Amino acid sequence: MKKNKFIMGALLLPLLASCGGEDKQNEKIIEKPDVKVENGMLTPEILEAFGRISTALPSPDGSKIIFTLSYEDIEENKANAEIYIMNTDGSDMKRLTTTASSESNLQWIDNGNKIAFLRKDDNLKTPQVHIMNVDGSGVKCLSAVESGIECFVISPDGSKIVYGSPIKDFNQKDEKLFEGLPKTTGRVVDDLMYKHWDEWVTEIPHPFIADFSFDGIKDAKDIMEGEPYECPMRPFGGAESFAWAPDSKSLVYVSRKLKGKDYSFSTDSNLYCYNIETGKTECLTPENPGYDTDPAFSPDGTKLAWLSMPTAKYESDKKRLMIMDVKSKEQKDLTANWDYWPEELSWAPDGQSIWFSAYYEGVAPVFKINVSTCAIDTIANEVCDFAGVKALNDKEAIVLRHSMRYPNEICKVAQGQKETTQLTNVNTELLSQLKLGEVKKVMVPTTDGKQMTSWVILPPDFDPNKKYPAILYCQGGPQSAVSQFWSYRWNFMIMAANGYVIIAPNRRGVPGFGEEWNRQISGDYGGQNMKDYLAAADYIAEQPYVDKTKIGAIGASYGGFSVYWLAGHHEGRFAALIAHAGIFNLEAQYLETEEMWFADFDLGGPYWDKSNAIAQKTYANSPHLFVNNWTAPILVTVGELDYRILASQGMMAFNAAKMHGLETEMLVFPDENHWVLKPQNAILWQRVFFRFLDKYLK
């Protein structure tokens, strides 16, 4: 997995005189909700009450940590994030902001004496750069960019800032054609990539470099002026797309310099180095046909690290941790002999190692790699996922930790130290009131003689002598890890609290088990990974505490596709099915989705290419061809702003099931995309979800 008036180069409304003042007094400030837990039960309302931590950022001297903490307000139907600060031992935690507008994109500046961040401005109603002292005083807005600032990074010497801001898309409409038609809503389209994720492409983000001081931001320059390309890249690109050289004389940024059909069929992003003095740009990765992302300079500026995928169109390829000598431009793959891949990078201050997390056999440990020898040390490995790794020194790092049993908390990990030190307890009190299910790791035999790591989650107060209904969880992605994730939608603790046993298998096509296991799914939709699901369903059905007549299958995105496919092939295994945002008709999906590289690579090519055996096998396994075999009741949920997998896919599935005579329900959200994000919609989704499961599995 988003907005704008025309601003380019000198036309950037440089900076309007002021930024606006304090938040309007009549706007409600969202605080930690007061919820009541009854009988230890995790309900949809309590699930929405958890505090959500992100962006834990150590100060330059390693003594402080700033982070954002957000809560949701069900009545207001929105969330709000505030900035907090604490010592790196977890002591003296203080709240620095109290506003009705969320703060984000935190950065330490002025040698750790000030904090920069984004907040919506009252006058322009768009995010602008603000600064404040470390005690929360002296808040000042520094920018007034009419179209808003989406992300930013201030240079190490504090003299410059790079920020991403939307400009008008280069596909200008023919004004003469629209003359005299002020109320028309028509769009004329002449190329691909006319919509993306959940928005029509009427604007694209561009990188601007400006002079920065505590008095304001001025003399902004679009360093990609005239180029019809994105930076940061949609839909998820942010501040990680930029890397200032330590001497502040150059900037590396990420862009996929393609548009229209070429953009739609390519993952070829590159790293570009912009020289501040000369204004010249150099492509650093011209030979690589896949993604190049997440640039990060070594502390001394002699090396540049980044993540790179070698295969064109394959968005879930192995991520290589690459390093380049800045002077010679010589490149090296530090992880060439490691069958896993990093998800993020953080240089140790001495420049001798890089810290990262990576999916590894069902969890996400913290690792450290020596940049000279390529030796990899495991720093922390628990039944959890670590994320947001920020190295404090050569021995310690600040991380976020979560699992299926709890959401993010900030922790410290140290080399040679067995125990992780938890620094925050934002959700400890609420969790202590809840009865949580036990999470067990099991190995499920597959049909081709392998062992599949799977998670079994048991209900609270589990009684092995009872018979429980069970759920097979089908992962999306398709190449997304079934690790120790905490989800506010597909939350295993709330499923367990409602009396269900859950099995979540790491079927073929997920990372964390080597490149071969991950890549096997591409070109084999409806193949071995579905056999893996059936093996997991059979495994859980054989457990003495499971009622094999009361098993359901659930999933979203590729998991939704999986549910539709299983509906026509499960041979009586499932008594109920739930699919959210799933692919029902693969031929339609090939032409409907916007990022065509994914469909072209993973499906094997277009369905009309009859000479392509892989593609023909894929389309022959499309779920819509097997509706005649559907027997189980099915719930379909969709968002009408979903342009990745159109809501029509789910509507087709609902219509087919209804015409086939099945008991069927559909939940449609006109204002949601691939996810269900608004608090009240999220609660309704959970209520419908459990009402449906309870009806057929209890």
Side-chain angles (χ1 to χ4, degrees), residues 15-32 51-71 73 79-145 148-161 163 210-218 239 390 392 398 410 423-426:
L15 291 161
L16 307 177
S18 71
C19 268
E22 300 298 319
D23 288 278
K24 295 179 181 178
Q25 293 184 1
N26 61 352
E27 286 192 56
K28 181 178 179 180
I29 296 175
I30 295 175
E31 302 285 357
K32 180 179 179 179
R52 308 183 187 198
I53 294 177
S54 61
T55 319
L57 192 64
S59 60
D61 66 1
S63 66
K64 304 283 186 182
I65 299 171
I66 50 175
F67 61 96
T68 58
L69 171 59
S70 66
Y71 287 101
D73 187 303
N80 189 52
E82 305 286 357
I83 302 175
Y84 288 73
I85 191 170
M86 66 181 178
N87 296 327
T88 46
D89 63 2
S91 64
D92 197 25
M93 188 172 90
K94 297 176 182 177
R95 179 172 172 175
L96 297 182
T97 58
T98 303
T99 69
S101 296
S102 287
E103 285 77 33
S104 63
N105 200 145
L106 312 187
Q107 184 178 345
W108 291 97
I109 59 173
D110 190 28
N111 296 316
N113 293 311
K114 292 184 182 293
I115 301 166
F117 57 93
L118 286 180
R119 178 196 290 171
K120 279 191 177 180
D121 163 68
D122 275 348
N123 287 343
L124 295 176
K125 295 298 183 184
T126 54
Q128 304 294 334
V129 175
H130 292 66
I131 60 171
M132 66 180 174
N133 298 321
V134 294
D135 62 358
S137 66
V139 176
K140 184 178 182 180
C141 179
L142 298 184
S143 66
V145 180
I149 292 176
E150 297 182 352
C151 61
F152 73 91
V153 183
I154 297 168
S155 64
D157 67 2
S159 68
K160 299 285 184 181
I161 183 173
Y163 61 82
D211 293 334
F212 178 87
S213 74
F214 298 155
D215 294 325
I217 298 170
K218 62 181 181 179
K390 298 290 187 296
L392 279 175
I398 298 300
I410 301 173
L423 304 178
T424 59
N425 289 284
V426 168

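Everything numeric in this text was worked out from a predicted model, so none of it was measured.
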*Should Val129 and Leu118 count as side-chain neighbours, where that means a heavy-atom distance under 4.5 Å?*
yes
Paired with Leu57, the side chain to side chain contact (heavy atoms under 4.5 Å, CB included) test is passed by just one of Ile115, Ile66, Thr68, Ile398, namely Ile66
- Query: Under the side chain to side chain contact (heavy atoms under 4.5 Å, CB included) criterion, do Asn80 and Asp73 qualify, and how do the steps go?
  - Reply: CA-CA 8 Å; Asn80 189 52; Asp73 187 303; over 6 Å; no
Correct closest heavy-atom pair for Leu96 and Asp135 would be CD2-C, 3.7 Å
Checklist entry - Can you tell me how far CG of Asn111 sits from CG of Asp61, rounded to the nearest 0.5 angstrom? => result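 Asp61 CG to Asn111 CG: 9.5 Å, rounded to 0.5 Å.
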Nearest 0.5 angstrom please: Ile149 CD1 to Leu124 CG, how far?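 Result: 10.5 Å between the selected atoms.
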Nearest heavy atoms of Val153 and Gln107, plus distance in Å
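Looking at all heavy atoms of both residues, the shortest contact is CA-OE1, 3.4 Å.
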| request: Decide yes or no on side chain to side chain contact (heavy atoms under 4.5 Å, CB included) for Tyr84 and Ile410, but give the supporting numbers first. | output: CA-CA 12 Å; Tyr84 288 73; Ile410 301 173; over 6 Å; no
Practice task
Identify whether the distance between the nearest side-chain nitrogen and carboxylate oxygen of Arg95 and Glu31 falls below 4.0 Å.
Solution key: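 Counted as a salt bridge, because a side-chain N and a carboxylate O are separated by less than 4.0 Å.
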_Is any side-chain heavy atom of Lys114 closer than 4.5 Å to one of Asn133?_
yes
Report task. Mind listing the closest non-hydrogen atom pair of Ser143 and Gln128 along with its distance? Result ->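 Where Ser143 meets Gln128 most closely, the heavy atoms are OG-OE1, 2.6 Å.
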| task | List the atom of Ser213, the atom of Leu142, and the distance in Å for their closest heavy-atom pair. | result |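 Here Ser213 and Leu142 meet closest at O-CD1, 3.6 Å.
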**Prompt:** Would Leu69 and Lys32 count as a side chain to side chain contact (heavy atoms under 4.5 Å, CB included) if you check the C-alpha gap in whole Å, the side-chain angles of each, and the deciding distance to 0.1 Å?
**Reply:** CA-CA 10 Å; Leu69 171 59; Lys32 180 179 179 179; over 6 Å; no
Original post:
Do the side chains of Phe214 and Ile109 get nearer than 4.5 Å, heavy atoms only?
Top reply: yes
| query | Shortest non-hydrogen contact from Ala81 to Ser102? | reply |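 That closest heavy-atom pairing would be N-OG, 2.8 Å.
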What I'd like to find out is whether the side chain of Lys160 reaches to under 4.5 Å of the side chain of Asp211, using heavy atoms alone. yes
Query - Under 3.5 Å: donor-acceptor pair, side chain of Asn87, backbone of Asp89 - result: no
Rounding to 0.5 Å, atoms CZ (Phe67) and OG1 (Thr424) come to a distance of 6.0 Å
Query raised in the report: Are side-chain heavy atoms of Lys120 and Lys125 found at a separation under 4.5 Å?
Result: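 No; the side chains remain at least 4.5 Å from each other.
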Do Ile65 and Met86 make a side-chain contact, defined as non-hydrogen atoms from C-beta onward lying under 4.5 Å apart?
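In contact.
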### Sub-4.5 Å side-chain heavy-atom contact between Asn105 and Arg119
no
Exercise. Quick one: are Thr126 and Val145 in side-chain contact, heavy atoms under 4.5 Å?
Worked result: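 A side-chain contact is absent here, since even the closest heavy-atom pair is not under 4.5 Å.
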Closest non-hydrogen contact found for Ala210 with Lys218 is CB-O, 3.4 Å
